[in-house]
Amino acid sequence: MLNFIVRKIAMLIPTLFGITIVSFGFIHLLPGDPVTLMAGDKGMTVQEHAAAMARLGLDRPLWQQYLGYLGQLAHGNLGTSLVTHRPVLNDFLTFFPATLELSICAMVLAVVIGMPLGVLAAVKRGTWFDQLSMSTALVGYSMPIFWWGLLLIVLFAGVLHWAPVSGRISLMYYFPQPTGFMLIDSLLSGEPGAFRSAVAHLALPSIVLATVPMAVIARQSRSAMLEVLGQDYVRTARAKGLAPGLVVGRHALRNALIPVVTVVGLQVGALMTGAILTETIFSWPGIGKWIVDAISSRDYPVVQSGLLVIATMVMLVNLVVDILYAVINPRIRHA
Amino acid sequence: MPDPRIPALGGTPRRPGAREGTARAAFAAFWRSFRQNRSAVLGLGVVAALFLVALFAPLLAPHDPVTQFRDALLLPPAWEKGGRTAYLLGTDPLGRDILSRLIMGARTSLMIGLVVVVAALSIGITLGLIAGYFGGWLDAVIMRVMDVVLAFPSLLLALVLVAILGPGLMNAMIAIAVVLQPHFARLTRASVMAEKGSEYVIAARIAGASTPRLMLRTILPNCLSPLIVQGTLSFSTAILDAAALGFLGLGAQPPTPEWGTMLADAREFILSAWWVVTMPGLAILITVLAINLCGDGLRDVLDPRLKRS
């Protein structure tokens, strides 16, 4: 097992370097040089420009600059935002909990609804329930979520007035946020109504972000379950007279869940794509909105480091999923 | 040079006309099983209709998609109170006919899908063939680069590429193609590696087939099934991603009629004029749904192994 983990980590190293090359290259691929970009509309004289290039080390050969960049990264220096003038790492840490909270809620929602739906559809194969749930899943899978979000806003905020449509909590609440997770912080604050407000703000974005993963998980659970239900050991279990519920719950489900775990893991990258759109629609102050705002305000250090951090994060999550997968499925370890 | 007396093996015909015959028979067999799947046929019908609409868009659109009718701002659809039959699905805040914009938008979206899939397929197949066929360090380098591309969430990478290249339809298509092609490269590589050791490939090599011939004529045709399925699914992904970029203001630029951009323009009117938001989104959903129905049908017929994903 240790061997497997070490091998997996070793395979990540080239990818990690590749990611740093991409984020390093980003600034250099932009039209114009970084100094001109940073000067923006103010402009600067040729002498000022040359001096700034030399000060930032941008007149050195590219490979030296890249090594310098790696050195900065090793010291945890991700640059400074051109807009907030704060270190990018600080900004990232401020916005990240919001995205994490939203993603966890969405993923829990997707698994809790998607998996039973898929399993039931497989057990009741060919019935109206199967057809209805799989059609719904296909619609969810095909959904442009930015539109879906707008529709939910029209329905729940415009017509029913049930849920707020932007931010993480009502502006009337103000309390310290030690964890950055609004659900926890609002409980800790002890302010009446704060938790309710946080839940209400979280509800619609979570549903929107959960839609596509839910559909994928439902489809995947169904086909994994169908495959397992057709196998000999399930037939044996049935033949020896086990109750149908027991066959499905104890024997089939366990093996059907293995591929589903991978799909859940693979959804993490997709979740980030969804978060960019969901956070933009609901003005959710997370890293998705942070990056989109940075791109539109040409805050390139933020875009550069945001790319790096997000890609590294996705990679690490995939590593964890790979390891978990090997834990539940010994065949993988020895492959 | 292969000896002309030895019948070439692999994908080559034994007698003139045999290839066409088998291709037609294969297609007939494919169509027989595809036809069984009613929802896939429905999806195919809708996709075909959309292609016709896109093809004849200028003839079908009742108005010019960018003309602003100043006397008809934000009109509701014809069946609503205050709607006019001249503007069947209503008009947008600038007085442009929504139906005409949707029809011309079909052209934009389907073109995006086609261009992106063709580009991603060509790059992906080329890289996958090289990696899978030659193996070794070439394989390692290509696949590590693909890993790097796949490490970035697709929309994020597309956003950043567009930030580098500048917003616009062409750049959005390039970005989406770059993001999608690793999937094709991986699939091609996996099938090439599985096929490379098969007897028919070895036989063709002994018969003297050249490397490009082995790669393109002997091996590739046998790797196509999963690629066709993935290509169909990528077609819908490309349309969705392009609409998402348009929605974020980085795709097609106004006044180009594009569904995602139409949604973005309509955002502030969602509570006052439901139709300007509903219609473009519905167009995206129907198109993507129809393509995915086809894709599911294709997958069930062509590649039973992929049924699980």
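Lettering of chains follows the sequences in order, A, B, ..., and the numbering in each one begins at 1. Since we're looking at a predicted model, the values are computed, not measured.
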Quiz item: Pick from Leu307(A), Val154(A), Leu271(A), Leu29(A): which one has the most heavy-atom pairs with chain B under 4.5 Å?
Solution: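 If we count pairs closer than 4.5 Å to chain B, Leu307(A) comes out on top.
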So which of [options] has the biggest tally of heavy-atom pairs under 4.5 Å with chain A?
options: Ser39(B), Ala244(B), Ala264(B); result: Ala244(B)
options: Val145(B), Asp147(B), Leu156(B), Ile286(B); result: Leu156(B)
options: Ile239(B), Ile270(B), Ile291(B), Leu293(B); result: Ile270(B)

Exercise. Report yes if the side chains of Phe152(B) and Val314(A) come closer than 4.5 Å at any heavy-atom pair, otherwise no.
Key: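 Contact flag for Phe152(B)/Val314(A) side chains = no.
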Quiz item: Are any of the side-chain heavy atoms of Met134(A) and Asp296(B) separated by less than 4.5 Å?
Solution: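 No; the side chains remain at least 4.5 Å from each other.
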Part of [X] lying under 4.5 Å from any heavy atom of chain B:
X: Val22(A); result: side chain
X: Ile291(A); result: side chain
X: Val139(A); result: both
X: Ile295(A); result: side chain

Might you point out which heavy atoms bring [X] and [Y] nearest each other, and give the distance in Å?
X: Thr15(A); Y: Val148(B); result: O-CG2, 3.7 Å
X: Leu289(B); Y: Ser142(A); result: CD1-OG, 3.4 Å
X: Ile284(B); Y: Pro144(A); result: CG2-CG, 3.7 Å

Practice problem: For Asp265(B), enumerate each residue passing the side chain to side chain donor-acceptor pair (under 3.5 Å) test, keeping only those at least two apart in sequence or located in another chain. | Solution: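 With sequence neighbours excluded, Asp265(B) shows a side chain to side chain donor-acceptor pair (under 3.5 Å) to no residue whatsoever.
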For [X], does the [atom1] atom sit with more than 12 other heavy atoms under 6.0 Å from it, leaving out its own atoms?
X: Phe17(A); atom1: CZ; answer: no
X: Trp148(A); atom1: CH2; answer: no
X: Trp128(A); atom1: CH2; answer: no

Quiz item: Stepwise, does the side-chain contact (heavy atoms from CB on, under 4.5 Å) test hold for Phe247(B) with Ile281(A)?
Solution: CA-CA 10 Å; Phe247(B) 181 74; Ile281(A) 299 167; 4.0 Å; yes
Quiz item: Roughly how far, to the nearest 0.5 Å, is OG1 of Thr273(A) from CG of Asp241(B)?
Solution: 7.0 Å
Exercise. Calculate, to the nearest 0.5 Å, the distance between atoms CG and CG belonging to Leu277(A) and Leu248(B) respectively.
Key: 5.5 Å
Self-check item: Neighbourhood of chain A inside residues 158-171 of chain B, taking heavy atoms under 4.5 Å as contact
Solution: Leu159(B), Val160(B), Ala163(B), Ile164(B)
Quiz prompt | With sequence neighbours excluded, residues passing salt bridge (charged side-chain N to carboxylate O under 4.0 Å, His left out) with Asp91(A) | solution =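 Arg86(A).
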Quiz item: Excluding sequence neighbours, so at least two apart, what forms salt bridge (charged side-chain N to carboxylate O under 4.0 Å, His left out) with Arg107(B)?
Solution: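 Counting only residues at least two positions away or on another chain, Arg107(B) forms no salt bridge (charged side-chain N to carboxylate O under 4.0 Å, His left out).
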Quiz item: Can you say whether Leu240(B) sits under 4.5 Å from chain A via the side chain, the backbone, both, or neither, judging by heavy atoms?
Solution: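 It is both, since atoms from each part get that close.
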Quiz prompt | Heavy-atom proximity to chain A below 4.5 Å, by part of Ser154(B) | solution =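 Both backbone and side chain.
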Quiz item: Which is it for Thr278(B) and Leu150(A) under the side-chain contact (heavy atoms from CB on, under 4.5 Å) test, yes or no, and what are the steps along the way?
Solution: CA-CA 9 Å; Thr278(B) 314; Leu150(A) 295 178; over 6 Å; no
Practice problem: Return yes if some donor-acceptor pair links the side-chain N/O of Trp147(A) with the main-chain N/O of Val277(B) below 3.5 Å, else return no. | Solution: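 Indeed, once roles are kept as given, a pair shorter than 3.5 Å links the two residues.
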Practice problem: Dump the intermediate steps for side-chain contact (heavy atoms from CB on, under 4.5 Å) on Leu285(B) and Met143(A), then the final yes or no. | Solution: CA-CA 6 Å; Leu285(B) 177 62; Met143(A) 188 63 87; 4.0 Å; yes
